[in-house]
There are 2 protein chains.
Amino acid sequence: MDRQATRAAAGTRAGRAPVTLAQIARQAGVHVSTVSRALSADDAVRGGVGAETVTQIRALAEELGYQRDPAGAALRTGRSRMLGVLVPRLTDIVLATIYEGIDAAASTAGYHTVVANTGDDPEMQRRRADALLARRVDGLVLGDARSDSDLVAELARRRIPLVLVSRRLPGRISVTTDDVLGGRLAAEHLLSLGHRRVAVVAGEPYASTGVERTQGFLDAFAGAGLPVPASHVVPSRFDVPGGRAAAEHLLGLAPRPTAVFAVNDFAAIGVMAAVRDAGLTVGRDVAVVGYNDVPLAAALPVSLTSVRSPMYRMGEVAATTLVTMLDGRSGRSRRLRPTLEARASTLGDHAPGAAR
Amino acid sequence: MDRQATRAAAGTRAGRAPVTLAQIARQAGVHVSTVSRALSADDAVRGGVGAETVTQIRALAEELGYQRDPAGAALRTGRSRMLGVLVPRLTDIVLATIYEGIDAAASTAGYHTVVANTGDDPEMQRRRADALLARRVDGLVLGDARSDSDLVAELARRRIPLVLVSRRLPGRISVTTDDVLGGRLAAEHLLSLGHRRVAVVAGEPYASTGVERTQGFLDAFAGAGLPVPASHVVPSRFDVPGGRAAAEHLLGLAPRPTAVFAVNDFAAIGVMAAVRDAGLTVGRDVAVVGYNDVPLAAALPVSLTSVRSPMYRMGEVAATTLVTMLDGRSGRSRRLRPTLEARASTLGDHAPGAAR
DNA sequence: AGCCTCCACGCAATCGATTGCGAAGAAGCG
DNA sequence: CGCTTCTTCGCAATCGATTGCGTGGAGGCT
């Protein structure tokens, strides 16, 4: 009676025919364990079931529309085939793109993903991570690692399989772009255009992305014998208002910098707005370089020069790395190469249609 | 041996002390069934467990760091407490924002969500929906319903609990903004500014959003005795290139329209780009109205007038509606009210800082 | 022809939580 | 004081899939 009620409810709720291994076994005239083996058999060298039986059972399972119940499998094996993903905000297109890559790769590997926003808040990060773990995800992809938090260390101590993405942390496996190189590319571009007085909108100090991009940029200028004074490097939030505020400060300096490198495209857009508000022209009076090359960058009225990072690919690699680790093999960190896309915000090309 | 291995593996993988009901029961000196009841008891009318026992067991569970194993619970109850969410693209900030609302509300109700991108492709929609169902989600929130696909009808026939969000479909429960009203708001705004020759970038014909926004807009102009000719209403993709292409066509008409309503902000940005490329000025030569009021709209060099829709709220309501249905009560469709945000793209205010 | 090996499959335990039913004890009532 | 009625909890079945171990039979080898 209990069972009847439960089945009926499940049937009503999810509307799917609850085909089980037992039903297949009955129809095939074999034991349920045989069916289990036949269906899980890795086509290669799987043991214990005759090849003929395998094809026969699979055909029957297909015909009946069998779908393995993940709950039953998870209960027995202790693995859920789900990956948890933590990001600052999914409404940030950078993270959304990375997540799409993660999900695509995970899906290919037979895993589902569960995302959660943390708003880059340490307290929230902990809560969301715990919630994911309570869901028994097999591993975690963290897109919001902070250098001033010990959450990652704690998770590692608990031996939870994890991979960082976008941001790095010493001693942890991560998949990022080579942010130092990216910063250097931006610097070399500006140097080649003759800029000598430059400034940096450096992002949040707890994020390796901003820190390393800034570092690479400063190193390149220092290497060219033109060290950037500390007063010309200001921290900022990663969004438009953050970039605008930082730029308003920088434009007030005397002498005014002729170029600004923002470690993030949205901050760069804020910089461009501040330049306009100051009555100056982007690309002529002040050059602006962003980072990530989001689709919008090329579509802006004055198209934005930006360091392109392979965001989607980064997500894919992070996911496959985690899956590799879950398979018992060891994962390794990766740094993907960024490239520079030069556009009107540094080249000063304002001809109609140039943004196209 | 089997068990040992499994536990050890789980321990290594997930790194969490696998505290079970049985362990708590042993320590508390009661039966596991009592523990189960004590922990699940809705504080209101707990099912047959003494109040004292309940507090005691809960304290013990807390102390031991007990976390219910979802696999065990799902296996027994047939419910996973997971919601599936289908969206065209998570990199579209509109859908990302809606999803954040969905996830927040679901989380509050004790559900987790699993998202999937479908790229608005019918074949992919079906595959992703099946994958989610195979995961045994309790219900579905669909953000990509197409009027030219029978997927929703099929899912409904299979009695799968579902709620549509953003887009509507006749006869289905949905949570949207009042798109007809939104279109009318845009029209009334332009009418009040004296525009008599207008055009519409109408979006994809299979999406109720674009269709209804267009309808509301056309109705309002027709009601004012100024029917918009069919030649001035062109379909488009929902992105920047889509809006640009449509606008290039519209700007070639003679006489040229003095205002363009795009049913989506990104299409509107494309329209603005086309206007610039034609050597015209947005807000002076051609007024542009968008829809959704994404954060970027206000930050553009020429800030964009847009119909603001409560995207996050829409997601929240959709999720709570679905949860309500899962609880056995009946859900109902909702239409949230949009409002118009007038800015420089129609008011022609180009003073520096106006975009702020 | 006898014995050994290996293949293919069945048996049954197990994972953790939930829940209908029954029983024991307490409390209330006549 | 006996009987009825709750309250509180234990018992055991159950969900579906996985897997170590055992077994029957076929085939090979001497």
Side-chain angles (χ1 to χ4, degrees), chain A residues 1-11 14 16-26 28-42 45-57 61 66-81 134 136, chain B residues 1-11 14 16-26 28-42 45-57 61 66-81 134 136:
Chain A
M1 200 53 68
D2 167 26
R3 174 187 181 174
Q4 303 289 352
T6 300
R7 303 316 298 150
R16 91 187 58 83
V19 185
T20 70
L21 280 191
Q23 295 178 30
I24 298 179
R26 204 176 311 129
V30 297
H31 195 267
V32 37
S33 67
T34 302
V35 178
S36 172
R37 279 186 257 256
L39 293 178
S40 63
D42 315 2
V45 267
R46 264 301 296 148
V49 185
E52 189 182 344
T53 315
V54 168
T55 58
Q56 176 191 332
I57 289 180
Y66 170 77
Q67 308 221 92
R68 167 188 288 111
D69 184 332
L75 184 60
R76 185 58 171 79
T77 64
R79 301 188 56 175
S80 64
R81 296 195 77 80
R136 303 291 201 267
Chain B
M1 199 53 68
D2 168 24
R3 174 188 183 173
Q4 303 289 353
T6 301
R7 305 314 298 151
R16 95 187 55 79
V19 185
T20 71
L21 282 191
Q23 296 178 28
I24 298 180
R26 203 176 312 131
V30 296
H31 195 268
V32 33
S33 67
T34 303
V35 178
S36 172
R37 278 186 261 257
L39 293 179
S40 63
D42 315 2
V45 271
R46 338 156 312 281
V49 182
E52 190 180 343
T53 314
V54 167
T55 56
Q56 176 192 334
I57 289 180
Y66 171 77
Q67 307 220 93
R68 168 189 288 111
D69 184 332
L75 183 59
R76 185 60 171 80
T77 63
R79 301 188 56 174
S80 63
R81 296 194 79 80
R136 302 292 202 267

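Every heavy atom of this structure was used, including side-chain atoms; hydrogens, water molecules and symmetry mates were not. Residue numbers begin at 1 in each chain, while the letters A, B, ... track the order of the sequences.
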Roughly what angle, to 10°, lies between the helix axis at the start of the helix from C:dA1-D:dT30 to C:dG30-D:dC1 and the one at its end, five pairs per end?
40°

Do B:V19 and B:I24 come close enough that some side-chain heavy atom pair is under 4.5 Å?
yes

I need the CZ-P distance between B:R136 and D:dC15, as an integer number of Å.
14 Å

Looking at A:L75 and B:A71, what are the two nearest heavy atoms and their distance?
N-CB, 3.8 Å

Gap separating the OG1 atom of A:T53 from the CZ atom of A:R37, nearest 0.5 angstrom:
12.0 Å

In sequence, state the C-alpha distance, the side-chain angles, and the governing distance for A:L39 and A:L21, and then conclude on side chain to side chain contact (heavy atoms under 4.5 Å, CB included).
CA-CA 10 Å; A:L39 293 178; A:L21 280 191; 3.8 Å; yes

May I have the distance from B:R76 (atom CZ) to C:dT14 (atom C1'), rounded to whole angstrom?
17 Å

Between OG of A:S36 and CZ of A:R68, what distance do you get to the nearest 0.5 Å?
7.0 Å

Does B:R68 put a side-chain nitrogen or oxygen below 4.0 Å from OP1 or OP2 of C:dT18?
yes

To the nearest Å, how far apart are A:Q67 CD and D:dC15 P?
20 Å

A:R79 has an atom CZ; how far is it from atom P of C:dG16, in whole Å?
16 Å

In whole angstroms, how far is the P atom of C:dA17 from the CG atom of B:L21?
4 Å

Using atom types as modelled and distance alone, determine if a side-chain donor or acceptor of B:T34 lies under 3.5 Å from a backbone N or O of B:V30.
no

Expressed as a whole number of angstroms, how long is the span from A:D69:CG to D:dG16:P?
7 Å

Do any N or O atoms of the protein come closer than 3.5 Å to N or O atoms of nucleotides 9-12 of chain C, and which pairs are they?
{"from": "C:dC9", "atom 1": "OP1", "to": "A:T53", "atom 2": "OG1", "distance (Å)": "2.4"}
{"from": "C:dC9", "atom 1": "OP2", "to": "A:G50", "atom 2": "N", "distance (Å)": "2.4"}
{"from": "C:dC9", "atom 1": "OP2", "to": "A:T53", "atom 2": "OG1", "distance (Å)": "3.4"}
{"from": "C:dG10", "atom 1": "OP1", "to": "A:H31", "atom 2": "N", "distance (Å)": "3.1"}
{"from": "C:dG10", "atom 1": "OP2", "to": "A:H31", "atom 2": "N", "distance (Å)": "2.8"}
{"from": "C:dG10", "atom 1": "OP2", "to": "A:T34", "atom 2": "OG1", "distance (Å)": "2.1"}
{"from": "C:dG10", "atom 1": "O6", "to": "A:R37", "atom 2": "NH2", "distance (Å)": "2.8"}
{"from": "C:dC11", "atom 1": "N4", "to": "A:S33", "atom 2": "OG", "distance (Å)": "3.1"}

Heavy-atom side-chain contact between B:R136 and A:P70 under 4.5 Å:
yes

Which whole-number value in Å describes the distance from B:E52 CD to D:dT7 P?
17 Å

Nucleotide nearest B:T77 (side chain, heavy atoms from C-beta), chosen from C:dT19, C:dA17, D:dG16:
C:dT19

In whole Å, I'd like the distance from the CZ atom of B:R81 to the P atom of C:dA17.
15 Å

